[in-house]
Amino acid sequence: MFLTLDQISVSYPGAPAPAVEAVSLQLAAGQLGVLIGPSGSGKTTLLRSIAGLEQPQSGEIALDQVVLDGPQTRVDAEQRRIGMVFQDFALFPHLSIAANVGFGLHNLPRSQRVRRVEEMLALVGLEGAHEKYPHQLSGGQQQRVALARALAPEPRLLLLDEPFSSLDIELRERLAQDVRQILKQAGITALMVTHDQLEAFAIGDVVGVMQHGHLQQWATPYDLYHRPATRFVADFIGHGVLLPGRLIDSGGGLAVSTVLGDLQDISATVLQALQVHGRDPFDVLLRADDIVHDDASPFKARIRRKSFRGSEFLYTLQLASGQELLALVPSHHDHAIDEWIGIKLDVSHVVTFPLSIA
C-alpha cells in the first residue's frame, strides 16, 4: 500500500480523551480516500498528523514504504513532499494566478516553472487565467487555483481539508466531481476530510467514518451504505431506521420476520451470519429506499413529515404501533401530511445489529 497508518494515536495536553485513538487505514497508489464524521471526531487531526503538523504519541505512518512517524522516526513536514488544500483556499491576493500556482516552484529554472504553471492551469481548466488575480475569480475557480498550486510541486500525496465548505451547495456538488476527475487524470493519491457524505461518495474510492477519535469503518461508499459495520455508521450514513425483527421458519427455510412482513430469499451467507442472534429479536436496518410505496399493500403508514427533493419526496412515516420509518417516494406521489399510504419492504441487503437496550 502507498499510504499506511498503523494504530495512530494523537492526544492534546489537558484533553480528557485522545483526539485520535488507534486508527489504522491504507490507501493504494492513485486511490482517493475520504474521512467523514461529526465535528470533533478527529478527522482533521488525523490529516494534520499525516502532513507532519501533529506528532502522534504512538503508532506508525508510512508513505511509499518509508516511515514518516514511528517509535524511532520523525520526518519533518517540509521533507514529506505532501501537498495540502485548505478550506479557505489560502491564495495570495496580491499575486497573479500564475504567481500563486508557481509559488512553490522557486527551485526550478524560469522556463520550467512557466511550463509547469501552464500545465497545472490547463489541468484544472483555467487556461488563460494567468494574469488575473484571486478576487477576479469565482469561488469555484479559486478552489481550482488552490488545487493547481498544491499539485504543481508534484507531491507524493495530496491532503484536502474541507475544500468545498465555503462554497454553495450546487457548486460543491459540481466541483466535487470535477476534482475527482482532475486527481484521477493526474494520477494523484489523495485523502480528503469533509462532513458532507455526498461529497465523500462523489470523490472517494474508499471512505472512513470517524467518531470520538476512532475509525468506525474504512470501506467503499457502496459497502458503507449497504454493509455498515456499526450502529453509528448505519445511523450516520444515509437515511434509515432500525426495526425489530427475528429469524423464523418459512417454507422449509429461514426468513426474517418484521412488522412489515417477512424478508425472504436471503442469501445463505447472510442467513449464516444472522444465526448468531438465534431466535432472539434483533434490529434490522431499513434504508429509505428499502420502503416502497404500494397502495395494494396491507401494511399502512401515516405521513408525519415530507421533504420535497425535486424528483422524490423523503417521507417520515409512522406505523399504527408508533414506529417511525423513512421512505423515498417519486415526487408525483404527492400525498398530504397525516394521509395513510400503503408500504412494503424491498430489501436487497439485510443488515442487522443486536437488539438495542435503549
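What you see is a predicted model; the values in this text were computed from it and never measured. We count residues from 1, following the sequence as given.
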Would you please classify the geometry between the H293 ring and the H333 ring as parallel, tilted or perpendicular, with 30° and 60° separating the classes?
-> perpendicular
Under the side-chain contact (heavy atoms from CB on, under 4.5 Å) rule, what do T189 and M1 come out as? Steps first, then yes or no, please.
-> CA-CA 11 Å; T189 307; M1 286 293 173; over 6 Å; no
Are L328 and L314 side-chain neighbours, meaning at least one heavy-atom pair lies under 4.5 Å?
-> yes
Classify the ring geometry between H106 and F103 as parallel (under 30°), tilted (30 to 60°) or perpendicular (over 60°).
-> perpendicular
Would you check if F232 and H214 make a side-chain contact, meaning some heavy-atom pair closer than 4.5 Å?
-> no
Candidate pair L35 and L215, rule side-chain contact (heavy atoms from CB on, under 4.5 Å), full reasoning = CA-CA 9 Å; L35 294 170; L215 185 63; 4.3 Å; yes
Would you please name every residue forming a ring pair (Phe, Tyr, Trp, His ring centres under 6.0 Å) with F308, sequence neighbours left out?
-> F313
Are any side-chain N or O atoms of R81 and backbone N or O atoms of E154, one a donor and one an acceptor, separated by less than 3.5 Å?
-> yes
Is there a donor-acceptor contact under 3.5 Å from the side chain of K43 to the main chain of M192?
-> no
Heavy-atom check, side chain of P244 versus side chain of Q323, under 4.5 Å = yes
In L46, L32, L159, L160, the residue satisfying side chain to side chain contact (heavy atoms under 4.5 Å, CB included) with L191 is L159
Hey, are the side chains of R304 and D338 touching, using non-hydrogen atoms and a 4.5 Å cut-off?
-> yes
Do other residues, nucleotides or ligands put more than 12 heavy atoms under 6.0 Å from the CD atom of Q181?
-> no
Salt bridge or not for D69 and R74, using N-O below 4.0 Å?
-> yes
So, the side chain of D290 versus the backbone of V347: is there a donor-acceptor pair under 3.5 Å, distance only?
-> no
For K344, does the NZ atom sit with more than 12 other heavy atoms under 6.0 Å from it, leaving out its own atoms?
-> no
Same apolar cluster: L247 and V284, side chain cutoff 4.5 Å = yes
Among the clusters formed by ILVMFWY side chains lying less than 4.5 Å apart, do M84 and V101 turn up in the same one?
-> no
Say whether, by atom type as modelled, one donor and one acceptor occur between the side chain of R113 and the main chain of L108 under 3.5 angstrom.
-> yes
Do side-chain atoms of Q216 reach the backbone of A229 as a donor and acceptor pair under 3.5 angstrom?
-> no
Rounded to the nearest 0.5 Å, how far does CD of E60 lie from OG1 of T4?
-> 8.5 Å
Under a 4.5 Å cut-off applied to non-hydrogen side-chain atoms, are Y315 and H335 in contact?
-> yes
Give the minimum heavy-atom separation between P163 and V85, together with the two atoms involved.
-> CB-CG1, 4.4 Å
How many angstroms lie between atom CD1 of I203 and atom CG of D178, to the nearest 0.5 angstrom?
-> 10.0 Å
State yes or no: do V241 and V350 share one hydrophobic cluster built from I, L, V, M, F, W and Y residues joined by side-chain heavy-atom distances below 4.5 Å, directly or via other members?
-> yes
What about L286 and Y222, same hydrophobic cluster or not, with Ile/Leu/Val/Met/Phe/Trp/Tyr joined at side-chain heavy-atom distances under 4.5 Å?
-> no
Approximate separation, where rounding is to 0.5 Å, of I97 CD1 and F92 CZ | 12.0 Å
With sequence neighbours excluded, tell me which residues meet side-chain contact (heavy atoms from CB on, under 4.5 Å) with D196.
-> R172, T194, L198, E199
Please list all pairs passing the side chain to side chain donor-acceptor pair (under 3.5 Å) test where one or both residues lie in residues 22-32, with sequence neighbours left out.
-> Q7-S24
Indicate yes or no: at least one non-hydrogen side-chain atom of I291 is less than 4.5 angstrom from one of L326.
-> no
Would you confirm whether T258, through its side chain, and G245, through its main-chain N or O, come within 3.5 Å as a donor-acceptor pair?
-> no
Give the intermediate values and the outcome of side-chain contact (heavy atoms from CB on, under 4.5 Å) for residues I61 and V75.
-> CA-CA 10 Å; I61 299 174; V75 176; over 6 Å; no
For residues 121-138, which side-chain donor-acceptor pairs fall under 3.5 Å, sequence neighbours excluded?
| unit_1 | atom_1 | unit_2 | atom_2 | d |
| --- | --- | --- | --- | --- |
| Q136 | OE1 | Y133 | N | 2.8 |
| S138 | OG | Q141 | N | 3.2 |
| S138 | OG | Q141 | OE1 | 3.3 |

Report yes if some heavy atom in the side chain of L224 is under 4.5 Å from a heavy atom in the side chain of Q217; otherwise report no.
-> yes
For residues I303 and I341, report the shortest heavy-atom separation together with the two atoms involved.
-> CD1-CG2, 4.1 Å
Might you point out which heavy atoms bring V67 and G70 nearest each other, and give the distance in Å?
-> CG1-N, 4.1 Å
Is the shortest side-chain N to carboxylate O distance from D161 to R48 below 4.0 Å?
-> no
Approximate separation, where rounding is to 0.5 Å, of R115 CZ and L105 CG = 11.5 Å
Side-chain contact, heavy-atom cut-off 4.5 Å: L27 with D205?
-> no
What are the two closest non-hydrogen atoms of P71 and G59, and how far apart are they?
-> CD-O, 4.2 Å
Residue pair F201 / P221: nearest heavy atoms and the distance that separates them | CD1-CB, 3.5 Å
Do V23 and V233 belong together in a cluster built from hydrophobic side chains that touch within less than 4.5 Å?
-> no
For L63, which residues count as a side-chain contact (heavy atoms from CB on, under 4.5 Å) partner, sequence neighbours excluded?
-> F2, L3, L68, I82, R156, L157
Take the angle between the ring planes of H349 and H226 and call it parallel below 30°, perpendicular above 60°, tilted in between.
-> tilted
Distance, nearest 0.5 Å, that separates CD of Q211 from OG of S41 = 8.5 Å
Scan the side chains in residues 8-18 for donor-acceptor partners under 3.5 Å anywhere in the protein, sequence neighbours excluded, and list what turns up.
| unit_1 | atom_1 | unit_2 | atom_2 | d |
| --- | --- | --- | --- | --- |
| S9 | OG | A22 | N | 2.8 |
| Y12 | OH | T45 | OG1 | 3.2 |

Reported CD1-to-CZ distance for the pair I337 and R302, which is rounded to 0.5 angstrom = 10.5 Å
Apply the test side-chain contact (heavy atoms from CB on, under 4.5 Å) to residues L147 and L183: give CA-CA distance (whole Å), side-chain angles for both, the deciding distance (0.1 Å), then the verdict.
-> CA-CA 9 Å; L147 183 60; L183 295 177; 4.1 Å; yes
A150 to P153 - nearest heavy-atom pair and separation | O-CD, 3.4 Å
